[in-house]
Number of protein chains: 2
Amino acid sequence: MTGQVRTVDGRVAGRRGQATRQKLLDCLSEMLSSSPYRDVKVIDVARKAGTSPATFYQYFPDVEGAVLEIADEMAKEGASLAQLVAGRSWAGKAGWATAEEFVDGFLDFWRHHDAILRVVDLGAAEGDKRFHRLRMKILNSVTTPLTEAVEELRAKGRVDKDVNPAAIAGSLVVMLAAVASHQKGFTTLGVKQAELRPNLALLVHLGITGRKPTR
Amino acid sequence: MTGQVRTVDGRVAGRRGQATRQKLLDCLSEMLSSSPYRDVKVIDVARKAGTSPATFYQYFPDVEGAVLEIADEMAKEGASLAQLVAGRSWAGKAGWATAEEFVDGFLDFWRHHDAILRVVDLGAAEGDKRFHRLRMKILNSVTTPLTEAVEELRAKGRVDKDVNPAAIAGSLVVMLAAVASHQKGFTTLGVKQAELRPNLALLVHLGITGRKPTR
DNA sequence: TCGGTAAGCTGACGGCATGACAGGACAAGT
DNA sequence: ACTTGTCCTGTCATGCCGTCAGCTTACCGA
């Protein structure tokens, strides 16, 4: 099946091979957190992993290929984000709680993986289809249920007919992603962490329901 | 004064020197639009400009330095974005017009400079102070007047006391920036360009005033 | 017209990363 | 011990980086 981990030259990787491969991925992940993407060199990753550049090229075509691998694992993990929104109520106090928990959960996930998500974002913005697909996969696990929530409210006539649920949901999600990536920008504006979250929850609630929350 | 353009080794650049310098910046700008940031090499920029790598290093310490230069020019241009928001009304039909024009103007600016803004965003997200300052400079020209608008409405009691104007304004602005960078993500969701803008305007209006617009 | 001076540009070079290969080390089964 | 297939690395050609000395060009005053 697809589960077979293979080297660049087509061999099947055994236990030891998979271990070094994973170690290379871990070290790359770490390097992405500590130095600019542009400056991440294969030789540094290899050194950090206690091996040689040649070994790196045995498992990955280049740095980008390895990054895609890391991002793919993260995307799988990100599927659980759907639980933050799916099947939740957006009415009354429960609605406010939904908004708050959604914002919290999403920000935590994004900040936890900020280094790799930065690179994915860049790749997607630069037009690379593979990165774009990955980014959509992650965002969709949240955007899709969020869109459904808006559609439901619209069907009940609680939201205007001329709103596009997907546009609203998508915009709110990228807002959260961008805020998480640039949290430093808000401290510069004099906005503290603790203040930011409820305000984001407010915006999300307003966007989804069109109304102010009852707290 | 500060207007003196200088080479890396301290010489004052004359007319001819400034021309090549500018040509290098233009070529770099073009390369950033057409190839991944990671793959932009000094030698390519130099070749494209019909000169040699050594010349590049005479005017810029490295690629990053040149990028900062381009971004700085763009930041000056971005100051005019303030006019989209400053002194506008957020009440009634005028309020809806303000939201629409703001969204349009901002998106156009961001998309026009998307290549360089991608790099600035990346640099800022990676923690580089110079990129972060530049990013804030551009965003602030919009965030500041937007924050004032919210503060004004709050003073009139039309917006809840517990909202933080800066947090709201900042979040809406980064939302627009992120949407502009990832427009492709929305076409994937089945949202067309023309549909996106009014929905963004709606979110902005909701965020600023707390109410649905009257169109 | 003629140097003198500073600006402007480039060839060339050591250093380092890249990416490919062949061959050696290693583990496991026989 | 021998075989087989996995795993790693030394090595090499190639190409980019960043710097320097030195050449050409433009400007200017005498």
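Convention: sequence-line order gives letters A, B, ...; per-chain numbering from 1. Worth saying up front: this structure is predicted, and the values here are computed from it rather than measured.
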Colleague: Whole angstrom is fine here: how far is it from CG in B/Leu24 over to C1' in C/dC9?
Modeller: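 Distance check: B/Leu24 CG to C/dC9 C1' gives 11 Å.
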Colleague: Going by the angle between their ring planes, with limits at 30° and 60°, are B/Trp110 and B/Phe106 parallel, tilted or perpendicular?
Modeller: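 Rings of B/Trp110 and B/Phe106: parallel, under 30°.
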Colleague: Want to settle it: does B/Arg38 or B/Arg16 sit nearer the 5' end of DNA chain C, counting the closest nucleotide to each?
Modeller: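 Result of the comparison: B/Arg16.
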Colleague: Classify B/Tyr59 by what it touches in the nucleic acid, base, sugar-phosphate, or nothing, heavy-atom distance under 4.0 Å.
Modeller: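 Contact class for B/Tyr59: sugar-phosphate only.
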Colleague: Do B/Asp44 and B/Arg47 sit within salt-bridge range, that is, some charged N less than 4.0 Å from a carboxylate O?
Modeller: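 Salt bridge present between B/Asp44 and B/Arg47.
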Colleague: Looking at A/Thr20, does any N or O in its side chain come under 4.0 Å of the phosphate oxygens OP1/OP2 on D/dC8?
Modeller: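 Yes, A/Thr20 has a side-chain N/O under 4.0 Å of OP1/OP2 on D/dC8.
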Colleague: According to a strict under-4.0 Å criterion, is B/Tyr57 in side-chain N/O contact with OP1 or OP2 of D/dT19?
Modeller: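 For D/dT19, OP1/OP2 do not have a side-chain N/O of B/Tyr57 under 4.0 Å.
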Colleague: May I have the distance from B/Arg15 (atom CZ) to C/dA6 (atom P), rounded to whole angstrom?
Modeller: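 Distance check: B/Arg15 CZ to C/dA6 P gives 19 Å.
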Colleague: Please report the distance, rounded to the nearest Å, between CZ in B/Arg47 and P in C/dC9.
Modeller: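 Distance check: B/Arg47 CZ to C/dC9 P gives 18 Å.
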Colleague: Just compare C/dT18, C/dT10, D/dC17 and give me whichever is closest to any side-chain atom of A/Ile43.
Modeller: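 Given the options C/dT18, C/dT10, D/dC17, the side chain of A/Ile43 is closest to C/dT18.
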Colleague: Considering only NZ, NE, NH1 and NH2 on the basic side and carboxylate oxygens on the acidic side, decide whether A/Glu64 and A/Arg130 come within less than 4.0 Å.
Modeller: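 Result for this pair is yes, salt bridge flagged.
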Colleague: Classify the nucleic acid contact of B/Arg21 as base, sugar-phosphate or nothing, counting any heavy atom under 4.0 Å across all strands shown.
Modeller: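 Here B/Arg21 touches no strand at all.
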Colleague: For B/Asp39 and D/dC17, give me the distance from atom CG to atom C1', rounded to whole Å.
Modeller: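 Those two atoms, CG and C1', are 15 Å apart.
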Colleague: Once you round it to whole Å, what is the distance between C1' of D/dG22 and CG of B/Asp9?
Modeller: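 Distance check: B/Asp9 CG to D/dG22 C1' gives 14 Å.
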Colleague: Taking the nucleotide of DNA chain D with the closest heavy atom to each, which residue, A/Ser52 or B/Gln58, is nearer the 5' end?
Modeller: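 Its nearest nucleotide lies further toward 5', so the answer is A/Ser52.
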Colleague: Atom NZ of B/Lys41 to atom C1' of C/dT18: distance rounded to whole Å?
Modeller: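 Going from B/Lys41 (NZ) to C/dT18 (C1'), I get 10 Å.
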Colleague: Are there over 12 heavy-atom neighbours, none belonging to A/Lys137, within less than 6.0 Å of that residue's NZ?
Modeller: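 Correct, the count exceeds 12.
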Colleague: Tell me whether the side-chain N/O atoms of B/Thr55 come closer than 4.0 Å to OP1 or OP2 in C/dT10.
Modeller: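 Yes, within the criterion.
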Colleague: Distance-only, no hydrogens or angles: does the B/Arg118 side chain make a donor-acceptor pair with backbone N or O of B/Leu32 under 3.5 Å?
Modeller: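 Yes, the answer is positive, given that a donor and an acceptor are paired below the 3.5 Å cut-off.
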Colleague: Taking for each residue the nucleotide of DNA chain D bearing the nearest heavy atom, is the 5' side occupied by A/Phe56 or by B/Pro61?
Modeller: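 Closer to the 5' end of DNA chain D: A/Phe56.
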Colleague: Counting side-chain heavy atoms from CB outward, which of C/dT18, C/dG19, D/dC16 is closest to A/Asp62?
Modeller: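 Side chain of A/Asp62 sits closest to C/dG19.
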Colleague: Can you check whether B/Thr51 has a side-chain N or O nearer than 4.0 Å to OP1 or OP2 of C/dT10?
Modeller: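 It does, given that an N or O in the side chain of B/Thr51 lies less than 4.0 Å from OP1 or OP2 of C/dT10.
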